[in-house]
Amino acid sequence: MVAQVSGTQEFDLQRITGVAERRVHDPRPEAGEDSYGLALRAARDCLGNSRYEAADLDVVISASITRFQDGDRFAFEPSFARQLAAELGARSAIHFDVSNACAGMLTGVYLLDRLIRAGVARNGLVVSGEQATKVARTAAAEITDSYDPQFASLSVGDSAAAVILDESVDEADRIHYVEMMTCAEYSHLCLGMPSDRTEGIALYTDNKQMHKRDRLRLWPTFHGDVLAKQGRTFADEEFDYIVQHQVGTRFVEFVNRTGEEVFGTGMPRSLSVVERFGNTATTSHFLVLREHLKAGTARPGGKFLLVPAASGVVAGALSATISTMGV
């Protein structure tokens, strides 16, 4: 993919980010491909592949960063979750939105997992629709070189995803744990800048730089601490697959390599779709799961590690064995 910006200047976006193509929404209001419309389609598709009807849902959580409705209208109220629950027919469900940047869907899963474990809910839906390519058009009109803070915006893609969780009855389908953390010092501003100079990510806050090595070490350091409290190591987990946030191929490679250095052991097979879909924000991990499970390139019954990475700065780990996932 080649990006043309600021008139006639071009960048080899594929070489820098690894993104060869992405999906872009139909901007016509009647197409129903705004953030809400995409989320609604994903929720209906998810329900159609599950054993639940909408009326069976106890919880509906929306995690969209972009909140476009009726084409270009950016909406805050009423909440997407409330509207989705009503339109789907989940009228008795608890409903609320969460906002945690690209870690939004995994945050929704974190909360729903806790609700189910506490006996507050039997099941629930986490959904997100992202109409993100508007920021790519803005970046293309404004940036002048590949070191501009908006450069990462050129690699985003539009998408939606939804997942239904319920109580695990055996080890064949189970979230073993999901833990997350936020580095509050960097909570109010975070700019991702993949470029051919840094070959990774630099994060800037109030003109203070968090070096990319520190950024990439957040997940393995945090995850290692979580496992140490359980008396376990990363190697003990015996993961079959790892899914990083789909920022770009270099980012995925660097984080996995940093994980190997911190844990002192090899990483499981890394699953990715960023080459075909770009950075799809909140939906990225579940888009990876859907595509690889559907294609048979990830086997049912495998043990998966999902690693969130988001502005905030957010890190964490979700460990799950997945055998029956309707795709």
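Keep in mind it's a predicted model, so treat the numbers as computed, not measured. Residue numbers start at 1 and run along the sequence shown.
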Self-check item: Lys/Arg N to Asp/Glu carboxylate O, Glu33 vs Arg41, below 4.0 Å
Solution: yes

Self-check item: Glu130 side chain to Thr282 side chain, donor-acceptor N/O pair below 3.5 angstrom
Solution: yes

Quiz item: If you measure only the distance, is there a donor-acceptor pair under 3.5 Å linking the side chains of Thr133 and Asp158?
Solution: yes

Exercise. For the residue pair His223 and Trp219, categorise the inter-ring angle as parallel (less than 30°), tilted (30 to 60°) or perpendicular (more than 60°).
Key: tilted

Quiz item: Using 4.0 Å as the upper bound for N to carboxylate O, is an ion pair formed by Glu53 and Arg51?
Solution: no

Quiz item: So which pairs with a foot in residues 258-286 pass salt bridge (charged side-chain N to carboxylate O under 4.0 Å, His left out), sequence neighbours left out?
Solution: Arg276-Glu291

Self-check item: Residue pairs involving residues 219-233 (criterion salt bridge (charged side-chain N to carboxylate O under 4.0 Å, His left out); sequence neighbours excluded)
Solution: Arg232-Glu237

Quiz prompt | Short side-chain to backbone donor-acceptor contact, Asp240 and Lys303, under 3.5 Å | solution = yes

Exercise. Check whether any side-chain heavy atom of His285 sits under 4.5 Å from a side-chain heavy atom of Leu289, and report yes or no.
Key: no

Quiz item: Is the closest basic N to carboxylate O distance between Asp72 and Lys134 below 4.0 Å?
Solution: yes

Self-check item: Quiz item: cation-pi between Arg290 and Phe286, 6.0 Å / 45°
Solution: no

Quiz item: Cut-off 3.5 Å, side chains only: do Ser159 and Thr283 have a donor facing an acceptor?
Solution: yes

Quiz item: Is Val247 linked to Ile242 within one hydrophobic cluster, defined over Ile, Leu, Val, Met, Phe, Trp and Tyr using a side-chain heavy-atom separation of less than 4.5 Å?
Solution: yes

